[in-house]
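Report on the following structure.
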Amino acid sequence: MDVLSSNVRDDALVAEGSFVVELAGFNGPLDLLLALIRDEQVDIYDIPVARICEQFLGRMHELKLNEAAEYLEMAARLIRIKAQMLLPRKDGIEGWEDPRAELVRRLLEYQQMREVVDVLEKLGEDRRNRFSRSYTQQAAAPPPAPLALSLSDLLVAVDRVLRAARKPTIHEVIPRALDVDGAMQTVRAVLQLRALARWRDVVRPDAEPWEVLSGLLALLELAKRSELHLTQPRPFADVEIRRELAGEAA
Amino acid sequence: MNSLAKLLEAALFASPRPIPVDELAALDPEASPAAVQSAIDELREHYDVDGHGVELVDVGGGWQVLTRPEYTEAIERAQMAVRPARLSPAALETLAIIAYRQPIGRAEVAEIRGVDVGAVIKGLHERGLIDVVGRAEGLGRALLYGTTSLFLEQFALRHLEELPRVDELAIALRRDGLLPADAPVVPPATDDGATAAAAAEAAPADAEPQPA
Amino acid sequence: MNSLAKLLEAALFASPRPIPVDELAALDPEASPAAVQSAIDELREHYDVDGHGVELVDVGGGWQVLTRPEYTEAIERAQMAVRPARLSPAALETLAIIAYRQPIGRAEVAEIRGVDVGAVIKGLHERGLIDVVGRAEGLGRALLYGTTSLFLEQFALRHLEELPRVDELAIALRRDGLLPADAPVVPPATDDGATAAAAAEAAPADAEPQPA
């Protein structure tokens with residue numbers, strides 16, 4: 001009877017709710033697991049994994065959490081631990097690692113954090129019960145405080161950005177997005193060395209997007225000026241860049 | 001009240017945010033720090049002893065005038081002011097972790113909570129309760145988050161140290177060496193291929209500045 | 001003060017606008033109009049006689065607590081005298097990217113920094129350090145930003161070319177003692193597992209300021 005009524009209640013919750021985790025009343029798999037450990041009154045340092053795992057899967061099904069990746073991941077973890085616990089072991093052997101250790105650590109960590117949440121909740125609620133001044137008297141906002149800026153701050157920031165970017169994307173001090181002129185000079189220089197060049201000869205393999213674009217535009221521009229001739233023997237083949245003698249002379 | 005206390009009161013009433021002591025002192029360049037402190041004390045005592053609907057509170061590194069809690073309900077019922085929305089449990093959990101572990105990356109918060117926290121972190125950032133305070137070393141150079149002065153203000157904290165110390169919490173963590181000595185657990189297995197791989201997956205190196 | 005006067009004080013303080021008498025009366029359904037009027041009188045007299053920095057003013061259409069005019073000048077002066085603000089690291093990084101990559105759109109800056117930069121760009125724009133200098137070609141025609149003459153002025157530059165080239169940056173920073181002499185010029189290797197692990201281990205010492 002109890003089981004039935006609790007199922008009915010949960011189904012009602014499922015029908016009303018819109019968001020699985022919210023409606024389940026749990027803030028994630030660790031929260032659910034802690035609730036089970038509490039309900040079953042088991043020792044967190046000696047979790048009966050088989051029993052808790054079964055309960056966890058049951059609750060997942062009951063709460064229709066089967067689709068939630070985080071719960072699935074935890075379920076898989078529990079099943080793995082359960083299997084590891086079944087492996088035969090000789091007591092007292094040095095170096096045996098309790099397969100539950102990592103889970104226990106995470107549960108304790110999460111439980112500790114829940115305790116902090118209770119503290120924050122109370123503090124936040126106390127503060128919410130006090131109003132600060134909401135009327136601002138100045139007709140206009142006061143002028144912002146003067147800025148204290150130094151070039152070194154800016155340069156250190158540039159350095160930070162460079163170090164942070166996966167690939168440093170800042171190359172040019174001169175404010176321009178592309179360097180077509182530079183790329184054209186590169187192409188001309190390459191074509192002075194050899195009559196037939198390929199894409200890789202004019203744009204290095206690890207080129208930034210702006211360099212690739214600059215190179216492409218340079219080739220098109222030079223082709224337009226008849227300084228070179230672009231051919232592609234067949235689709236997807238390397239583009240061949242040929243010196244156009246007439247164009248160079250002109 | 002003396003004239004400095006009145007000046008401070010006027011400034012505190014004019015400001016919706018807490019005012020740091022040094023800014024209060026700047027109101028009267030002639031006033032000594034001791035005089036400013038005693039004016040603050042006088043004002044606070046005046047509100048308390050004389051019976052006012054407001055009080056002077058030390059919060060977030062400054063002073064702020066706030067209404068007393070007993071009037072909140074009537075004020076809200078009369079629709080003269082609205083309390084800010086309560087934070088969701090998910091937001092509070094995330095905030096708690098960031099408050100204690102700052103600077104901390106998103107992946108590490110997610111690891112502790114056991115769920116993805118991208119949207120929650122975005123929301124806390126938009127509300128001004130957390131901010132980017134740096135980047136992790138190593139792969140990916142993940143953004144690291146910390147709490148802001150608005151966080152202190154909204155939880156009526158003077159500073160972070162007012163939060164309970166980790167070793168004062170009922171649940172102490174092994175990472176702080178506080179697990180009961182007879183606890184039948186050992187540090188997480190690292191020679192178990194499956195476990196180690198799973199741990200590595202869950203906690204990308206970039207966001208895991210764990211004490212060695 | 002009586003408790004109704006205290007309630008009125010709290011409400012008047014919390015309200016963003018003047019409150020008409022009938023709304024003040026609604027705060028306490030039990031209170032008679034005469035009681036409300038006498039509470040208003042008491043509060044006003046208290047502010048006047050007792051010597052407060054604020055006063056209760058009938059601003060037409062309602063009552064409001066305002067700072068006394070004789071203090072407004074000092075408050076404004078103090079705001080002007082507030083220590084010069086520094087740009088946040090986030091704002092500086094954004095400004096640096098715009099300075100070196102202008103004209104550049106918001107999305108591109110966001111991509112380099114790894115976070116949304118809308119608010120930061122707005123702030124820099126309001127400060128007059130950057131301005132819209134054009135629109136991108138193509139879909140959406142995003143606004144492109146560049147630095148202003150105020151930017152040059154603030155950093156004491158004659159023109160943008162006075163900024164060191166990026167490949168000279170490390171040298172310039174070291175010369176000015178802003179980087180340790182042994183700082184790597186390029187970002188640390190990212191595909192070397194050992195290096196990343198070592199970096200992650202080296203980081204936590206100061207990365208975990210837990211409430212002590």
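Labels below follow one simple rule: chain letters A, B, ... track the order of the sequence lines, proteins then strands, and each chain is numbered from 1.
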Checking B:Gln79 against chain C: side chain, backbone, both or neither under 4.5 Å from a heavy atom?
backbone

Measuring heavy-atom distances to chain B, does C:Ala90 have an atom under 4.5 Å in its side chain, in its backbone, in both, or in neither?
neither

Can you establish whether the number of heavy atoms outside B:Glu45 located under 6.0 Å from its atom CD is more than 12?
no

Residue part contacting chain C, namely of B:Val133, when any heavy atom lies under 4.5 Å
neither

Proximal component of C:Leu27, with respect to chain B [non-hydrogen, under 4.5 Å]:
both

Let's go through B:His52 and C:His52 carefully: what are the C-alpha distance in whole Å and the side-chain angles of both, what is the deciding distance for side chain to side chain contact (heavy atoms under 4.5 Å, CB included) to 0.1 Å, and is it a yes or a no?
CA-CA 12 Å; B:His52 274 260; C:His52 275 262; 3.6 Å; yes

Applying a strict 4.5 Å limit to non-hydrogen atoms, the region of C:Ser3 in contact with chain B is backbone

If you tally heavy-atom pairs under 4.5 Å against chain C, which of B:Val54, B:Leu7, B:Val132 wins?
B:Leu7

Please say whether more than 12 non-hydrogen atoms of neighbouring residues, nucleotides or ligands are located less than 6.0 Å from CD in B:Glu73.
no

Should the ring pair B:His46 and C:His46 be called parallel, tilted or perpendicular, given that the plane angle runs from 0 to 90° and is split at 30 and 60?
tilted

Heavy-atom closest pair (C:Ala14 atom, B:Ile75 atom, distance to 0.1 Å) is CB-CG2, 4.4 Å

More than 12 heavy atoms from other groups under 6.0 Å of CD on C:Gln37
yes

Interchain contact, B:Leu66 with chain C, by part (heavy-atom threshold 4.5 Å)
backbone

Which heavy atom of C:Gly51 sits nearest to which heavy atom of B:Met1, and what is that distance?
O-CE, 3.4 Å

Donor-acceptor pair, side chain of B:Glu9 and main chain of C:Gly53, under 3.5 angstrom:
yes

Minimal heavy-atom distance between B:Thr67 and C:Phe13, with the atoms involved, is CG2-CD2, 3.6 Å

